[in-house]
Novice: 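One structure is given below, represented as structure tokens, and several questions about it will come after.
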Protein chains: 2
Amino acid sequence: MDGYDKYAHEPFAVTVDLAVFTIREGALHVLLVERGQEPYAGRWALPGGFVQPDESAETAARRELAEETGLSDVSGLHLEQLRTYSEPGRDPRMRVVSVAFTALLPDAPEAHGGSDAAQARWVPYGTAGPLAFDHDGILADAHDRVGAKFEYTCLATAFCPPEFTLGELQQVYETVWGTALDRPNFRRKVLATPGFVEAVPGAARLTGGRGKPAALYRAGTATALHPPLLRPVREGRPA
Amino acid sequence: MDGYDKYAHEPFAVTVDLAVFTIREGALHVLLVERGQEPYAGRWALPGGFVQPDESAETAARRELAEETGLSDVSGLHLEQLRTYSEPGRDPRMRVVSVAFTALLPDAPEAHGGSDAAQARWVPYGTAGPLAFDHDGILADAHDRVGAKFEYTCLATAFCPPEFTLGELQQVYETVWGTALDRPNFRRKVLATPGFVEAVPGAARLTGGRGKPAALYRAGTATALHPPLLRPVREGRPA
DNA sequence: CCTTTAATAGTCAGCCCGACTATAAAAGGG
DNA sequence: CCCTTTTATAGTCGGGCTGACTATTAAAGG
């Protein structure tokens, strides 16, 4: 970081890009916006925007998250820096360095237009055509990261409402990993991990579906999973 | 990434900062440079520099790595993006966004001055006083990341020379984790993981120390560790 | 030649986990 | 009202990984 006298080149624009995930009807969805201008006019893209002079990338990301989702309070949502994308040609207009973030939402509020003219929409993961810029790569990296963190953190509860059943938590894992899990074993593992979930004192849900009503749980205080909850190895076809 | 008409603010300077680790005489060392100018004149700092207009942050990081270590070929070294630091006040002179990287070196070539005027030096991890800027935090984050990745990747071989003994590999783990490991169990685990290490055909080292000569191994082709090699839980005092 | 040192081999019990079966408690249909 | 369906929850059993530990081998040094 010495040698500031070298500062004799064009400066950079710094943006944030957001990969915002939620689960709707048992399927993983991503928040996308439709671009109205060139380049990539009409293509879908990750929401994002410029970092303002007085804010950090994290602050900018949370501000964009609030704007694009229309939620009034995004302070409790999981927001995590993914990595920074800085290839020289990634934006044809100018030199843009983008700090990518991943966010996880429990329920899916209908995306509203936000302050920008662009329309924001929830799209099932994998169904959107090629995205603008290098956003396909960013989105894939974000999905990989979330899947990997599910193994050794309690992150999955970020997809759940404040109170949830173990069946719902298991569906979150199955949706993100794309794998079926054994219900008794999943239950045993979650309950055996101290601080992962804690039982809600005197309640059990019944009205919802048919079948025995499930007990309700809240997210616990733990953040890491020791030992980890490894996803099953798919040995059918080694990818 | 829409709304480029908003681009009506001061631009950012983009730099890379490097946390370069190596192991010398059984102790973890970090590459640091001494600052010659204000601010933080005389303080130690992580090596780094500006990203040039025609290069990505990764390219800039590898270029800086070559300059600061004096190595002619850094193409095979492990270099990994850590995260980006963008707090508005982190550099008192101007708005600087820094992409931090972590690098791992097998042997420790004596640090030479590099192209900059600043002197580069290997310093035992933890012994350097408060570093310049927010580099203490970056260095701590890098150390955490390396320790965590040792659990579920084959990254530890990046600290080893091309051919090494299992005892040396174990010392790498013990140095980074700061924990003692059981030798037979470590050996069993490493050899049971396919692709972690592969035996060198017909060689055994003898001249070095007294005791039975150890077999030599090379880094394998595997990159991930399934199941992971978890570091022992220190239950003496819960940090 | 004996001791020291370090690598390697082997043993054994406990725990976690995958696979599986059994029971409980609701809804729905005849 | 009973019986089936559905889902949650409890329990079992064997294999594999792991921590703790002991034994053997092969060198160096006095």
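Side chains are part of it too, since the values below use all heavy atoms of this structure and drop only hydrogens, waters and symmetry mates. No experiment lies behind these values; they were computed from the predicted model shown. Residue numbers start from 1 in every chain, and the chains themselves are labelled A, B, ... in the order their sequence lines are given, proteins ahead of strands.
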Novice: Measure from CZ on B:F164 to C1' on C:dA7 and round the result to the nearest Å.
Specialist: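 Between C1' of C:dA7 and CZ of B:F164: 16 Å.
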Novice: To the nearest Å, how far apart are A:Y152 OH and C:dC16 C1'?
Specialist: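 After rounding, the reported distance stands at 21 Å.
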Novice: If we ignore hydrogens and angles and just use 3.5 Å, is the side chain of A:R90 paired with the main-chain N or O of A:F133 as donor and acceptor?
Specialist: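 Looks like no, no N/O pair under 3.5 Å.
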Novice: Among the candidates D:dT9, C:dT8, D:dC17, find the nucleotide nearest to the side-chain atoms of B:A214.
Specialist: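 Looking only at side-chain atoms, B:A214 lies closest to C:dT8.
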Novice: Among B:L18, B:L32, B:L31, find the one that has a side chain to side chain contact (heavy atoms under 4.5 Å, CB included) with B:L46.
Specialist: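 Filter result, single survivor: B:L32.
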Novice: Just wondering, do B:H135 and B:I138 contact through their side chains at under 4.5 Å, heavy atoms?
Specialist: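 Contact flag for B:I138/B:H135 side chains = yes.
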Novice: Just the rounded figure in Å: distance from C1' of D:dA8 to CG of A:L216.
Specialist: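 Distance check: A:L216 CG to D:dA8 C1' gives 12 Å.
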Novice: Ignoring the backbone of A:A215, work out which of C:dC17, D:dT9, D:dA28 is nearest its side chain.
Specialist: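 Shortest atom-to-atom distance from the side chain points to D:dT9.
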Novice: Is it true that B:E58 and B:R62 make a salt bridge, defined as a side-chain N closer than 4.0 Å to a carboxylate O?
Specialist: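 B:R62 and B:E58: not salt-bridged.
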Novice: Using the six-membered ring wherever Trp is involved, compare the ring planes of B:H143 and B:F21 and label them parallel, tilted or perpendicular (cut-offs 30° and 60°).
Specialist: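 Correct class here is tilted.
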Novice: Grab the CZ-P distance between B:R231 and D:dT18 for me, whole Å please.
Specialist: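 These atoms are roughly 16 Å apart.
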Novice: Using whole Å, what does the distance between atom C1' of nucleotide D:dC17 and atom NE2 of B:H226 come to?
Specialist: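 So the two atoms are 15 Å apart, to the nearest Å.
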Novice: Given atom CG of A:L229 and atom P of C:dC17, what is their separation to the nearest angstrom?
Specialist: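 After rounding, the gap between these two atoms is 8 Å.
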Novice: Hey, would you say the A:Y152 and B:Y152 ring centroids sit under 6.0 Å apart?
Specialist: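 Between B:Y152 and A:Y152, which both carry aromatic rings, the centre distance is below 6.0 Å.
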Novice: Check the distance between C:dT8's C1' and B:L169's CG and give it to me in whole angstrom.
Specialist: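 That distance rounds to 16 Å.
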Novice: Could you tell me how the ring of B:Y173 sits relative to the ring of B:F186: parallel (under 30°), tilted (30 to 60°) or perpendicular (over 60°)?
Specialist: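 Perpendicular, since the angle between the ring planes exceeds 60°.
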Novice: Expressed in angstrom and rounded to an integer, what is the separation of A:L181 atom CG from C:dC17 atom P?
Specialist: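 For the pair A:L181 CG and C:dC17 P, the rounded distance is 13 Å.
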Novice: Counting only heavy atoms and a strict 4.0 angstrom limit, can you tell me which residues of residues 182-197 of chain B come near DNA chain C?
Specialist: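 By residue number: B:R183, B:P184, B:R187, B:R188.
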Novice: Nearest to the side chain of B:K212, heavy atoms from C-beta on, is which of C:dA7, D:dG29, C:dA25?
Specialist: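 The answer is C:dA7.
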